[in-house]
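In what follows, a single structure is set out as C-alpha cells and then discussed.
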Amino acid sequence: MTRTDRYYVTTPIYYVNDRPHIGHCYTTLLADVAARFMRLSGRETFFLTGTDEHAEKVVAAAAERGITPIAWADRNAHAFQEAFAELNFSNDDFIRTTEDRHKDKVDAYIRALKETGDIFLGDYEGWWDGSQEEYVTETTAREHDFKSPVTGRPLVKRTERNYFFRLSKYADRLLAHIEANPHFIAPEARRNEVVGRIKTGLQDVPVSRAVDPNDEAASWGILMPDDPGHRVYVWIDALFNYLSAVDTDDRRAYWPADAHVIGKDILWFHAVIWPCMLMAMDKALPGCVYAHSYWIREGRKMSKSLGNFLDMPTLRGYCNEFGVDAVRWYLATQGPMGATDADFAHGRFVEMYNADLANSVGNAMSRVSNMIAKYFDGALPDAKGVTEYAGHDWPAITNAAVESAIAKMNRLDIPGAMQDGLSIVRRVDGYVHATEPFKLAKDESRMGDVAAILYHCAEALRIASLILWAAMPERMEEAWKRFGTPVVVGETPLKELAQWGRLTPGTPIEKGEALFPRADAEAPEPTPVGDPAG
RNA sequence: GGCGAUGUAGCUCAGCUGGCUAGAGCGAGGGAUUCAUAAACCCUAGGUCGGAGGUUCGAGUCCUCCCAUCGCCA
C-alpha cells in the first residue's frame, strides 16, 4: 500500500484540567471533517485525539477535590469524550498520556535520544518565580521588571541541572525542509512567523524538570530513564503522543502523520521542536502542521473575566435548535482557518444556516423530491442515457466539483471543499429554473424531458451530498436514505461513488420533512443546555 | 523594545510576479416566477482599494512616512 492510500490526522491532546469548549471542538472538528472525507475517499484513515494529563496542576486540582489525580483525570477525559461524541466526531482512538502504552513508549524514545546524545544533561539558568514555583522567560522577566508577573515578588536567577534536547543541531535541516515543502506549515502567515524565528537562531531546549524522588507528586508524570531526579517536561511528554499511539505493529504504517491540526498558540512546539525531535529519532516528518486561529464571540474576545466562553452548554443549545450538522457546518465553513480570528455571532450563524442549508441544500432536496413525487409517483425517473441537457453537461459538472473538492481537502481547505459541494446544489437550482420541468410536466409529450431533468437533479444532489457528508454526516446520511443509496463509508472510493449514473431509475425517492427547516432570524439565541461545569 | 502581518462594497473576504470599465459569497433593494422550506432565478452595489507623498507610460498591486488593528518573541 502506498502512502497516499493512508491518512493520519491528529488534534493536540487537550489539557485535562480544562472543560471542553468551542476551541477544543473546533480543532477536533477540522480533523474530523478531514478524516471523514479521506475515509470516504477510500484512504485507510486514522484520526487521533486525546488528553494531556501530566501536569502538576492536575495533582493540585485533584487534591482540592479530595480525589486521586487519576480519578480527576478520568472524570475530565470522559467529559472530552462525551463532548466529542455529541458533535459526532469519528476519532479512531483517544490517547491519554497517563496510559502505559504512552508512558512506555516515551521512556523508550527518551532512552534512544539519550543514547545518540541528542538529549544530554546540562545547566539551565533562568528567572525563578518562587511564589509560583516556575521559571519565567527572559522577556517576561524583563517586562515585569524582574518581579513575579502574578505576585510581584522579586524573581531570582536560578540554575538547575536539566536534560536538554539538542534543538540547535537540527535548525538547518528543518529550515531546508520547510523551504522544500511550502505546505509543511500552514497557513502561510504562520509559516513565515516560524521561518523568521528559526533564522534568529535555535537554542537547545530543556526537556526535563528536577523533582524530588520522594515527593508523591513526582510520580505523576514520566521520570527520566535511569534518573528519577528528573521528570520529562509535560510538553515533550505530550508531543510524543502522535507517535506513541501508532507505534504498534498494526498501526506503524500510519506514520508519518499527514496533518497535525493545532491552534496557533502551540505552533512553535509542533512546527519546530517536534519535527526536530523526529529528525533526531530518524523518523519521517508529518506532512503538515496546520495552525488555525481563534474564535471570538459577537465581536469580543472570549475570556474568563467577560464570562463569554462558548462552552458545551451553549454549543449544545445550538445543536438542539439547529441540529448538530448545522453547528458543524458553521464552524467548518466560517471558522478561523486563516491567520485571522473568526466571529461566532448568532446573527451570522442564522444567516449562513438559512443561506447554505435551508435555502440551498435543503430546499433543493425538497423541490426535486417533490417533483419526483408529483410527476413520477415518487419513483426516480429514467434519463434514458441522456447526461447533457440545456447546456448542462452533468457528468462534467459533478466530476469537476468532486475533483476540486478532493484537491482542496488534500490541502486541508475545508471551507473550499464544502463550497464545491454547494456549487453543485446551486447548479441544480439554476438548472430547474432554466429548464422549468414543472411547466414541461403539463405537456404529456414532454415527460421524457422531465424525466431526464429530474434524474439529473437527483443524481447531482446525490453527488453533492457525498462531498457535504464530511461536514454534515447525520443529515447527508438521511438524504442517502431518502434517495435509496445508502453508502458504506470506505467500501467504495469516493471517485467511484461520485461517478455519474449510479442512481437507479425506479428507486423510490422519499420526500420526508425538510432536511434543514428555515430558521427565524429574529429568534433569540438558543438557551444553553446542561451544566456549565460539564 | 525586536521581528512580522493586516487595513479593498453593510458583513466575511478574493485580487500571484504592477496594465482592459476593481471582484465573490452573504445581507439589502427591485424584477420575474411557482416545482420547493415566502425558497430558487435575474438585475442592482454610486466602494477616495486606511491616510499622505513617491517610482512608473500606467499602482489595491512596488518604495517612504503616518494612522489603526493584530500576531510572534522559546
Side-chain angles (χ1 to χ4, degrees), chain A residues 124 126 135-143 164-165 167-168 171 187-207 233 235-236 264-273 276 291 293-294 296 299 301 330 333-343 345 347-376 415-416 418-419 422-423 425-442 450 453-454 457 461 511-521:
Chain A
Y124 177 81
Y135 284 96
V136 301
T137 65
E138 183 68 31
T139 335
T140 310
R142 204 179 309 127
E143 269 169 14
F164 282 76
F165 169 61
L167 185 66
S168 55
E188 203 182 347
R190 299 273 98 93
R191 175 175 183 268
N192 295 341
E193 229 168 74
V194 169
V195 169
R197 218 172 122 197
I198 293 174
K199 284 183 175 165
T200 67
L202 293 185
Q203 281 163 34
D204 297 338
V205 290
V207 295
Y233 183 42
W235 255 110
I236 300 300
K264 60 184 175 182
D265 51 328
I266 52 178
L267 179 60
W268 186 253
F269 283 97
H270 285 79
V272 177
I273 297 175
C276 288
S293 300
Y294 297 144
I296 58 174
K301 210 166 183 166
Y330 183 71
T333 62
Q334 303 297 315
M337 284 203 81
T340 50
D341 296 346
D343 194 6
R348 179 88 179 143
F349 182 98
V350 175
E351 223 171 78
M352 295 318 295
Y353 171 83
N354 279 335
D356 292 346
L357 304 184
N359 298 350
S360 296
V361 181
N363 185 243
M365 296 271 186
S366 289
R367 67 197 306 204
V368 169
S369 54
N370 188 64
M371 283 188 275
I372 291 171
K374 209 160 169 176
Y375 310 138
F376 297 95
M418 291 306 110
Q419 285 309 313
L422 262 192
S423 76
V425 175
R426 300 217 156 98
R427 287 303 289 269
V428 168
D429 275 330
Y431 186 57
V432 171
H433 180 261
T435 58
E436 301 184 307
F438 43 87
K439 279 188 182 169
L440 298 179
K442 290 172 182 163
V450 177
I453 293 166
L454 291 181
C457 291
L461 289 177
K511 227 179 109 182
E513 292 296 300
L515 223 40
F516 300 101
R518 191 174 165 78
D520 179 2

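Because the structure is a prediction, the values reported are computed rather than measured. Throughout, protein chains are lettered first and strands after them, A, B, ... in sequence-line order, and every chain is numbered starting at 1.
Here A:K511 lies out of heavy-atom contact (under 4.0 Å) with every strand. Residue A:T340 is classed as a sugar-phosphate contact, given heavy-atom separations below 4.0 Å to backbone atoms only. The residue A:Q203 sits close to a base: some heavy atom pair falls under 4.0 Å. Within 4.0 Å (heavy atoms only), A:G512 reaches no atom of the nucleic acid at all. A:F516 comes within contact range of at least one nucleobase, with a heavy-atom separation under 4.0 Å. Looking at heavy-atom distances under 4.0 Å, A:D429 makes contact with sugar-phosphate atoms alone, never a base. Across all strands shown, A:L202 has heavy atoms under 4.0 Å from base atoms, whether or not it also approaches the sugar-phosphate. Using a 4.0 Å heavy-atom criterion, one finds that A:P437 contacts no nucleic acid atom at all. Across all strands, A:L167 comes closer than 4.0 Å to no nucleic acid atom at all (heavy-atom distances). A:G362 comes within 4.0 angstrom of a nucleotide base, judged by non-hydrogen atoms across all strands.
Rounded to a whole angstrom, the distance from the C1' atom of B:A45 to that of B:U8 is 14 Å. Distance noted for atom C1' between B:G15 and B:C57: 23 Å (whole Å). Nucleotides B:U69 and B:A28, compared at atom P, are 32 Å apart to the nearest Å. Between B:U55 and B:G1, the distance separating the two P atoms is 32 Å to the nearest Å. For the P atom pair drawn from B:C72 and B:G10, the interatomic distance equals 30 Å after rounding to whole Å.
In this structure the side chain of A:V425 reaches within 4.5 angstrom of the side chain of A:L461, judged on heavy atoms. Between A:M418 and A:L422 the shortest side-chain heavy-atom distance does not fall below 4.5 Å.
When the P atom of B:A28 is taken as reference, atom CG of A:N359 falls 11 Å away, rounded to whole Å. Spacing between atom CG of A:D520 and atom C1' of B:A38 amounts to 13 Å, rounded to whole angstrom units. Straight-line distance from the CG atom of A:L461 to the P atom of B:A40: 15 Å, rounded to whole Å. Atom NZ of A:K264 is separated from atom P of B:C73 by 11 Å (rounded to the nearest Å). Going from atom NZ of A:K199 over to atom P of B:G4 covers 11 Å, rounded to whole Å. Rounded to whole Å, atom P of B:A74 lies 10 Å from atom CZ of A:F269. Atoms CZ (A:R190) and P (B:U6) sit 12 Å apart, rounded to a whole Å. Rounded to a whole Å, the CD atom of A:E351 is 23 Å from the P atom of B:U37.
If you check B:U61 for Watson-Crick or wobble pairing at under 3.5 angstrom, you find it has no partner at all. Nucleotide B:A68: paired with B:U6 (Watson-Crick or G-U wobble, both distances less than 3.5 Å). Under the Watson-Crick or G-U wobble criterion, with both distances below 3.5 Å, B:C35 has no partner in any strand shown. In this structure, B:A22 forms no base pair with any nucleotide, since neither Watson-Crick nor G-U wobble geometry is met with both distances under 3.5 Å. Under the Watson-Crick or G-U wobble criterion, with both distances below 3.5 Å, B:A45 is left unpaired in every strand shown.
Nucleotide B:G18 is shown with an anti base, its glycosidic torsion being more than 90° from 0.
The side chain of A:A355 approaches B:G27 more closely than any other nucleotide in the set B:C72, B:G27, B:C35. When distances run from any side-chain atom of A:N370 to the nucleotides B:A36, B:G25, B:U33, the shortest one goes to B:A36. Nearest to the side chain of A:K442, among B:G27, B:C35, B:U37, sits B:C35. When the nucleotides B:C72, B:C35, B:A40 are ranked by their closest atom to the side chain of A:N363, B:A40 comes out on top. Checking B:U34, B:G71, B:C35 against every side-chain atom of A:K439, the shortest atom distance belongs to B:U34. Of the candidates B:C26, B:A40, B:A74, the closest approach to any side-chain atom of A:R197 belongs to B:A74. Side-chain atoms of A:F438 lie closest to B:C35 of the nucleotides B:C35, B:U12, B:A40. Out of B:C35, B:C11, B:G71, the shortest distance to the side chain of A:R348 is found at B:C11.
Taking 4.0 Å as the cut-off between side-chain N and carboxylate O, A:R191 and A:E188 do not count as a salt-bridged pair. Using a 4.0 Å cut-off between a side-chain N of Lys or Arg and a carboxylate O of Asp or Glu, A:K301 and A:D341 do not qualify as a salt bridge.
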Would A:Y124 and A:V205 satisfy side-chain contact (heavy atoms from CB on, under 4.5 Å), going step by step from the backbone distance to the final call? CA-CA 9 Å; A:Y124 177 81; A:V205 290; over 6 Å; no
Carefully, step by step, assess A:T333 and A:M352 under the rule side-chain contact (heavy atoms from CB on, under 4.5 Å). CA-CA 9 Å; A:T333 62; A:M352 295 318 295; 5.9 Å; no
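Checking the phosphate oxygens (OP1, OP2) of B:A39, a side-chain nitrogen or oxygen of A:R518 falls inside 4.0 Å.
Between A:F269 and A:W235, the ring planes are parallel. Angles under 30° get that label, and only those over 60° would be called perpendicular.
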